Amino acid sequence: MSTERRKPYPFDRIEDKWQKYWDAHQTFHCPNPGEKGFDPKKPKYYVLDMFPYPSGAGLHVGHPEGYTATDILARFKRMCGFNVLHPMGWDAFGLPAEQYAIKTGQHPSVTTAQNIDNFRTQLKRIGFAYDWQREVNTTDPGYFRWTQWIFLQLYNAWFNPASQKAEPITTYTGADPDAVRLAYVAKVAVNWCSALGTVLANEEVVDGRSEVGGHTVERRPMRQWMLRITAFADRLINELDGLDWPESIKLLQRNWIGRSEGAEVHFKVEGTSHSVRVFTTRPDTLFGATYLVLAPEHQLVEEITAPSQRDSVQSYQAACKSKSDLERTDLAKEKSGVPTGAFALNPVNGERVPIWIADYVLTGYGTGAIMAVPAHDTRDHEFAQKFQLPIKQVVQPLGDEPWQGFTGHGTAVHSDFLDGQPTPEAKRQMTDWLEERGTGKGTVQYKLRDWLFSRQRYWGEPFPIVWENGRHHAIHESELPLTPPPMEDFKPTGTPEPPLSKAVEWLKYSETARRETNTMPQWAGSCWYYLRYCDPDNAGRFVSRDAERYWMGANDASPKPGGVDLYVGGTEHAVLHLLYARFWHKVLFDLGHVSTPEPFQRLVNQGIILGEDGQKMSKSRGNVVNPDEVINEFGADAFRCYEMFMGPLEQMKPWNTAGVEGVSRFLARVWRLVMEESQSGEWSRSGSLKDLPLDKAQLKVLHSTIKKVTEDIESLSFNTAISQMMIFVNAFTGAGEKPVGALRTLLQLLNPFAPHLTEELWQIIGTGGCVADQIWPTFDPDALIEDELELIVQINGKLRDKLTVKRDASSQEIESAALASPKAQEWTAGKTIRKVIVVPGKLVNIVV
RNA sequence: GCCGGUGUGGCGAAAUGGCAGACGCAACGGACUUAAAAUCCGUUGGAGAGCAAUCUCCGUGUGGGUUCGAGUCCCACCACCGGUACCA
């Protein structure tokens with residue numbers, strides 16, 4: 001005997017049935033231009049999900065939130081007559097698979113394949129209308145050969161500052177092309193994680209620990225592959241303007257790139273031929289510079305340190321070096337530093353200022369040296385107070401704030417030729433003054449660093465690079481894909497030597513050349529997958545020109561950059577993935593390989609789903625909701641609808657199982673509008689369905705539902721679209737005889753949300769074919785107009801009465817009717833009516 | 001610290017400057033049933049008045065402002081969440 005509770009409608013049977021049907025008929029396959037079945041008359045719509053990393057844990061309820069939103073839009077656009085590209089794939093290279101492999105001894109390709117199968121099965125159970133013929137997998141040699149090919153494009157290109165574009169390296173006329181390539185090798189201080197046996201990008205380090213696993217990370221100089229993303233910093237900022245992205249995400253990217261305008265100022269070191277270059281955003285405060293600070297790692301420290309200070313400088317340097325990044329941030333509050341004993345000369349007034357070293361100056365930003373203006377910089381102020389360095393006012397605040405520690409804009413004072421100038425003007429004048437004398441110049445600095453692109457891992461794309469006589473060169477395109485060697489032992493070596501260095505045979509490219517042993521980071525494959533979906537099986541090009549132009553092109557004659565029409569995913573990719581992908585896309589665009597300057601026209605972030613306790617879902621809290629269990633109990637349609645009904649897509653919101661039940665009840669009511677159950681529990685077409693004309697009230701409900709659902713899907717307000725359909729169902733549930741025509745329309749409107757249920761019911765009461773293939777209904781504005789309107793009557797803005805008037809009543813008629821209403825009489829008795837405001841169709845406000 | 005977001009019933013939430021709380025959950029009452037589940041029909045922001053239908057007052061984080069009218073616009077503040085952090 002089954003303890004399973006009775007299902008409100010037989011979703012288990014029908015969902016499986018329609019999933020098989022869609023698979024067998026390839027209902028959602030959309031051919032490319034030129035292919036059989038392609039309809040060139042239709043406009044295109046490219047709706048994209050952030051593809052998942054197929055982890056061993058399987059899908060969680062966060063994934064299907066965004067996926068359901070895009071699925072509804074894809075199905076809707078399809079019914080509206082678009083050619084819809086709606087694909088799914090796997091971002092399958094990466095650290096977790098490799099670590100799992102090391103733990104279990106199973107090859108990562110095996111576990112990856114298993115995880116992908118599991119994810120695919122789970123996604124299919126939710127009934128997504130993906131074109132599965134376009135599935136991509138970043139670990140497939142047919143895919144990553146093109147990831148490697150794109151790397152070669154980067155390697156063989158440089159950024160021409162004159163054209164502000166990437167160009168083939170052959171247009172570079174300088175002596176050393178290796179110095180300007182977009183992919184280059186550099187010895188840089190990197191985040192080395194010995195526990196993971198790899199270096200990490202800055203973005204992968206959180207609070208001095210690895211984002212994956214939380215292991216400690218130390219800075220080490222190592223030879224690494226870098227991508228010159230900084231060359232594109234300005235374009236990556238400026239070209240955000242044309243994108244339909246949330247402003248908050250644009251801001252996040254702008255802040256990450258961190259552009260600041262300022263000036264470089266040269267300070268001569270007294271008694272030497274050296275000079276210290278500093279970067280400042282406030283050249284107007286140069287007269288207030290009372291000391292200089294170099295980063296402890298600064299190259300000049302060694303040469304300028306006075307003999308008397310040598311010991312203290314060296315021990316301070318050593319102390320800094322041993323501090324991990326974690327400690328450095330922890331100790332951020334307390335300033336520390338030591339004087340070098342050297343002095344510099346302020347170029348603007350010849351004043352002698354001491355040179356210090358301190359770890360609050362970072363080696364990686366600007367010039368690694370600053371001029372300290374303690375009066376008008378919080379950090380310098382703190383430092384100067386601690387070490388009793390002079391504090392000299394040079395800016396007068398406009399208000400009555402104290403000048404000490406004032407960092408805002410004001411008027412220059414005690415600054416000779418700048419006196420009386422407002423800050424922006426003073427900046428300009430000082431920069432000009434410096435440039436005229438050759439002791440400085442206006443410059444721009446960015447927080448963005450070049451992208452550290454190599455990893456010491458096995459489970460990633462090998463570089464298409466070989467080393468010969470200490471120099472690197474690219475292998476030929478025809479040698480791609482370069483597959484990783486089959487290895488039994490792919491454990492980290494425990495040293496910075498990558499695991500591939502153990503593949504002796506594979507390493508040997510020729511008698512004199514050895515292969516590069518680093519691999520690419522996980523970001524590589526996800527930087528261009530949206531392009532591969534356009535033409536996933538192309539063996540001759542990463543994407544055909546025609547397919548790229550069609551799917552990625554701008555819609556009609558709009559001035560927008562074009563690209564993917566809608567991209568939905570989590571905020572966690574706001575900077576990294578979205579910045580990297582834009583960078584690659586711009587390189588491909590400059591080199592003529594793609595037709596648009598930006599990859600993603602419209603971006604929407606789904607909010608995260610919290611556990612039932614309102615806390616972030618996590619295994620340790622035990623509040624994780626498993627989609628499979630929800631689907632087993634309530635069905636995929638209820639799961640989809642609930643995820644959309646919870647609240648606005650972009651908002652963070654807690655899961656509530658009782659809410660799923662409510663949505664499930666709604667779907668069951670739809671089912672019972674069409675079906676009735678016999679004594680023996682068999683479902684059949686309801687006898688109360690009739691071919692009836694609708695009465696006025698029903699017409700109004702029907703057409704306002706069409707209107708609202710259509711508009712709400714366009715604006716991604718799925719929660720209110722579902723509410724409206726509930727109102728429809730509530731209105732028709734009471735009817736004794738049910739008009740079948742109106743129910744057909746409901747099935748069409750509901751289809752993108754609950755595709756299985758609606759297909760099944762369409763088979764019973766529809767007009768043939770699939771609902772998914774029907775044309776989206778349009779509403780009749782006349783059906784929404786009532787003969788009589790109910791207006792509200794306000795006295796001084798407070799609701800006092802209601803009034804029913806003819807639709808075409810004039811303002812005068814409405815006004816006199818309102819004044820005559822008993823309530824208005826009562827409230828205005830004995831008072832002078834000062835004003836009457838009539839808003840036609842809405843209200844009358846009487847002011848007394 | 002800085003940047004961003006959010007504050008509305010018991011809960012998830014709705015509301016082009018115009019009836020605050022649609023829709024759903026939960027709760028309560030009723031119908032059906034031997035009973036329960038399911039289903040269907042109702043009630044449900046708070047306080048007060050009335051036998052009653054109904055009426056009055058209060059109410060969208062706090063305090064001001066604009067307006068005939070503010071959850072919505074403006075100013076100041078508070079709380080929570082997220083991001084970021086010595087970026088000169």
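As the structure is a prediction and not an experimental result, all values here were calculated from the model. Order of the sequence lines fixes the chain letters, A, B, ..., with proteins taken first and strands second; residue numbering starts at 1 for each chain.
Side chain of A:Leu362, nearest nucleotide from B:A88, B:G18, B:C40: B:A88. Nearest nucleotide to the A:Asn719 side chain, out of B:C41, B:A13, B:C19: B:A13. Side-chain proximity of A:Gln794 to B:G18, B:A13, B:G24: nearest is B:G18. In this structure, the nucleotide among B:C3, B:C23, B:C41 sitting nearest to the side chain of A:Asn730 is B:C23.
For B:U72 and B:A20, the P atoms lie 14 Å apart once the distance is rounded to whole Å.
Nucleic acid contact class of A:Lys802 (heavy atoms, under 4.0 Å, all strands): base. Using a 4.0 Å heavy-atom distance criterion, A:Lys823 is classed as a sugar-phosphate-only contact.
In this structure, A:Tyr360 and A:Phe383 have tilted ring planes: the angle between them lies in the 30° to 60° band.
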Below 3.5 Å is the cut-off: list the nitrogen or oxygen pairs between protein and nucleotides 26-31 of chain B, distance only.
{"from": "B:A26", "atom 1": "OP2", "to": "A:Arg665", "atom 2": "NH2", "distance (Å)": "3.2"}

Mind listing the N/O atom pairs, protein and nucleotides 4-12 of chain B, below 3.5 Å?
{"from": "B:G12", "atom 1": "O2'", "to": "A:Met646", "atom 2": "O", "distance (Å)": "2.6"}

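An anti orientation is assigned to B:G63, its glycosidic angle lying beyond 90° of 0.
Atom NZ of A:Lys447 is separated from atom P of B:A85 by 8 Å (rounded to the nearest Å).
Of the residues near RNA chain B, A:Gly662 and A:Lys835, the one whose nearest nucleotide (by heavy atom distance) lies more toward the 5' end is A:Gly662.
Scored by the side-chain hydrogen bond (donor to acceptor under 3.5 Å, both in side chains) test, A:Thr720 finds A:Asp712 as partners (sequence neighbours excluded).
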